[in-house]
Amino acid sequence: MSFSDKILTWYLENKRDLPWRDTLDPYKIWLSEIILQQTRVAQGIPYYHRFIEAFPKVEDLAIANEEKVLKLWQGLGYYSRARNLHASAKMVVEEFNGTFPKTYTGLIKLKGVGDYTASAISSICFNERQAVVDGNVYRVLSRYFGVNIPINSTEGIKSFKKLAIEVLHPTNIRDYNQGIMEFGAVQCTPQSPNCSSCPLAGGCVALEMGTVKDLPVKIGKTKIKKRFFNYLVPLEHRKSDETLTQLRQRKGKGIWQNLWEFPLLETEREIGLEDIEIRHSEVLKFKRPPEISLFNSDFIVHKLSHQHLYTQFWILEGPFYRTNAIPISNLENYPVPVLIAEFMKTFKF
DNA sequence: AACACGGGGTT
DNA sequence: AACCCAGTGTT
């Protein structure tokens with residue numbers, strides 16, 4: 001039995017019942033694939049349901065405000081996925097009359113659709129002969145065939161893609177592709193893979209050589225940068241029994257593009273109350289000196305994959321010049337980073 | 001070729 | 001703390 005037949009047989013007996021497995025609708029498969037980029041299935045499932053409910057068809061997504069799309073995406077991370085998702089929905093509706101491209105070549109032109117995603121959609125929806133190479137596939141192929149070329153080197157990317165094409169199933173591309181990924185996610189896991197009950201143990205080079213735990217090989221380490229964020233939370237208590245505050249939308253490059261946050265003073269190092277008293281006007285203008293207090297005595301350290309944000313929330317009470325001022329009851333409508341959402345949940349406005 | 005881009009789960 | 005997740009786009 002060939003490698004691909006073993007994978008396919010295993011899959012047909014072990015596949016999970018996932019929400020997007022009951023359809024070949026390119027819209028739904030595309031949505032699931034974008035959500036699942038660098039994201040675990042368990043984390044993505046509730047988002048998939050919410051998007052399908054809010055936007056049953058690609059036309060619904062295309063006519064939505066970006067604000068609403070980002071709000072639904074809040075908490076998933078890599079927000080360029082949401083912006084590109086929205087842009088591609090518009091492309092499909094406006095340029096292709098609402099019909100998704102039916103080929104790898106057509107699909108890869110969509111924003112946010114790269115080699116992996118174009119291969120996944122074209123093979124799953126149309127059984128096109130394209131090989132998917134995601135993190136699971138790198139792991140399974142490197143172990144079974146004993147390949148120690150670094151998976152994130154240029155040579156590795158090329159040679160694993162070539163190998164993936166060579167071992168593709170002859171006919172059932174659709175199920176084989178999902179099968180090899182599922183096999184990596186469930187059976188041939190990163191740590192403590194279940195080799196003792198593996199249907200592919202016979203023929204697995206890494207198992208034979210005792211190198212399972214060393215594969216796949218990955219080079220380079222992400223250097224983590226430290227940043228110091230001082231959020232200035234303005235509060236103006238009005239007689240109308242309403243409290244005003246202010247949010248701003250992040251623009252330009254960097255993290256959290258197009259999401260909202262409180263006025264931010266970023267510094268090179270930790271600063272204290274005296275510094276805030278002097279510098280708050282760089283960020284936010286008050287009509288008279290505000291009453292300032294620190295919300296969190298210890299840093300809130302928000303960890304991203306490549307930076308740690310040492311964060312202090314400063315509460316500034318007093319009347320301020322209200323461009324973009326909003327009542328606190330409206331805060332929930334804005335798409336915000338998890339760091340800000342956690343603060344809003346904890347702070348007693 | 002290297003880096004930026006989130007947040008959460010697992011060990 | 002380190003690694004990884006159904007990767008893509010930019011520099």
Side-chain angles (χ1 to χ4, degrees), chain A residues 11 15-16 18-21 29-48 70 73-85 87-88 107-121 123-124 130-140 150-158 160-161 164 176-186 188-193 213-225 227 250 252-259 301-309 335-342:
Chain A
Y11 178 63
K15 69 182 213 176
R16 293 171 290 182
L18 301 177
W20 45 86
R21 290 248 164 100
I29 300 300
W30 165 69
L31 174 63
S32 73
E33 290 299 342
I34 302 298
I35 288 175
L36 265 31
Q37 289 169 3
Q38 293 292 286
T39 303
R40 282 166 203 282
V41 167
Q43 189 188 3
I45 286 176
Y47 286 85
Y48 174 81
L70 285 171
W73 200 269
Q74 182 179 311
L76 248 198
Y78 287 161
Y79 296 94
S80 65
R81 288 184 293 171
R83 298 190 303 268
N84 289 335
L85 186 83
S88 290
L107 287 160
I108 205 168
K109 295 192 171 79
L110 298 175
K111 286 187 183 178
V113 175
D115 175 71
Y116 162 77
T117 305
S119 299
I121 300 172
S123 63
I124 293 172
Q130 295 288 345
V132 292
V133 185
D134 73 336
N136 294 304
V137 174
Y138 280 122
R139 188 166 55 252
V140 173
I151 61 172
N152 55 343
S153 64
T154 303
E155 186 195 355
I157 293 167
K158 243 182 80 180
F160 276 99
K161 180 76 182 184
Y176 165 81
N177 271 349
Q178 294 180 82
I180 189 171
M181 293 191 282
E182 187 97 334
F183 183 79
V186 172
C188 193
T189 50
Q191 289 114 4
S192 334
K213 69 176 194 317
D214 304 315
L215 294 172
V217 174
K218 203 171 177 177
I219 51 170
K221 64 254 171 246
T222 50
K223 182 158 185 236
I224 294 175
K225 187 183 171 192
R227 301 174 74 179
R250 286 184 73 94
K253 318 201 80 57
I255 56 174
W256 303 333
Q257 205 175 110
N258 291 11
L259 271 64
V301 185
H302 189 72
K303 296 180 177 181
L304 307 181
S305 47
H306 57 295
Q307 42 188 297
H308 288 355
L309 309 177
V336 296
V338 165
L339 173 63
I340 301 296
E342 291 291 325

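Chain A is the first sequence line, chain B the second, and so forth, proteins listed ahead of strands; every chain is numbered from 1. We use all heavy atoms of the structure for the numbers below, so side chains are in, but hydrogens, waters and symmetry mates are not.
Taking the side chain as every heavy atom from C-beta outward, A/Y47 and A/W73 never approach each other to under 4.5 Å. Residues A/I45 and A/L18 are in side-chain contact: their nearest non-hydrogen atoms beyond the backbone lie under 4.5 Å apart.
Here C/dC4 is the nucleotide among C/dC4, C/dT8, B/dG6 with the atom lying nearest to any side-chain atom of A/K218. Considering only the side chain of A/A185, C/dA6 comes nearest among C/dA6, B/dG6, C/dG9. Counting only heavy atoms from C-beta on, A/K303 has its side chain closest to C/dA1 among B/dC5, C/dA6, C/dA1.
If you run side chain to side chain contact (heavy atoms under 4.5 Å, CB included) between A/L259 and each of A/L70, A/I340, A/V336, only A/L70 comes through.
OP1 or OP2 of C/dG7 lies within a sub-4.0 Å distance of a side-chain N or O belonging to A/Q38. Remark: A/Y79 is in phosphate contact with B/dG7, judged by side-chain N or O atoms under 4.0 Å from OP1 or OP2. Of the side-chain N and O atoms in A/H306, none sit less than 4.0 angstrom from OP1 or OP2 of B/dC3.
Here A/W73 lies out of heavy-atom contact (under 4.0 Å) with every strand. The residue A/L18 sits close to a base: some heavy atom pair falls under 4.0 Å. As judged by a 4.0 angstrom heavy-atom cut-off over every strand, A/G184 is placed among residues making no nucleic acid contact. If you check every strand for non-hydrogen atoms under 4.0 Å, A/N177 touches nothing. Residue-level contact check: A/R250 touches neither bases nor backbone, having no heavy atom under 4.0 Å from any strand. Within 4.0 Å of A/T117, counting heavy atoms only, lie sugar-phosphate atoms of the nucleic acid but no base atom. Within 4.0 Å (heavy atoms only), A/L76 reaches at least one base atom of the nucleic acid. Among the atoms of the strands shown, only primed sugar atoms or phosphate atoms (P, OP1, OP2) are found under 4.0 Å from some heavy atom of A/R139. Nucleic acid contact class of A/V137 (heavy atoms, under 4.0 Å, all strands): none. Here A/Q307 lies in heavy-atom contact (under 4.0 Å) with sugar-phosphate atoms only. Across all strands shown, A/G75 has heavy atoms under 4.0 Å from sugar-phosphate atoms exclusively, and none from any base.
Nearest-nucleotide assignment on DNA chain B puts the 5′-proximal partner with A/I219, out of A/L339 and A/I219. Summary of the strand contacts: A/V41 and A/K253 both lie near DNA chain C, and taking for each the nucleotide with the nearest heavy atom, the more 5' one is attributed to A/V41. Nearer the 5' end of DNA chain C, as judged by each residue's closest nucleotide, is the contact made by A/Q43, out of A/Q43 and A/G114. The 5' end of DNA chain B is approached more closely, in terms of each residue's nearest nucleotide, by A/L304 than by the other of A/L304 and A/Q191.
B/dG6 and C/dT11 are spaced 15 Å apart, taking the P atom of each and rounding to whole Å. Spacing between C/dA6 and B/dT11 at atom P, rounded to whole Å, works out to 14 Å.
Contact of A/S80 with C/dG9 (side chain to base): no donor-acceptor pair of N or O atoms is detected under 3.5 Å. For A/R40 against C/dC4, a side-chain N or O and a base N or O form a donor-acceptor pair under 3.5 Å. For A/Y116 against C/dG7, a side-chain-to-base donor-acceptor contact under 3.5 Å is absent.
Checking A/R81 against A/Q38 by side-chain atom types alone, no donor-acceptor pair falls below 3.5 Å. With no hydrogens or angles considered, no side-chain donor-acceptor pair links A/Q37 and A/Y116 at under 3.5 Å.
Listed for the A/S119 side chain is no donor-acceptor partner under 3.5 Å among the backbone atoms of A/Q130.
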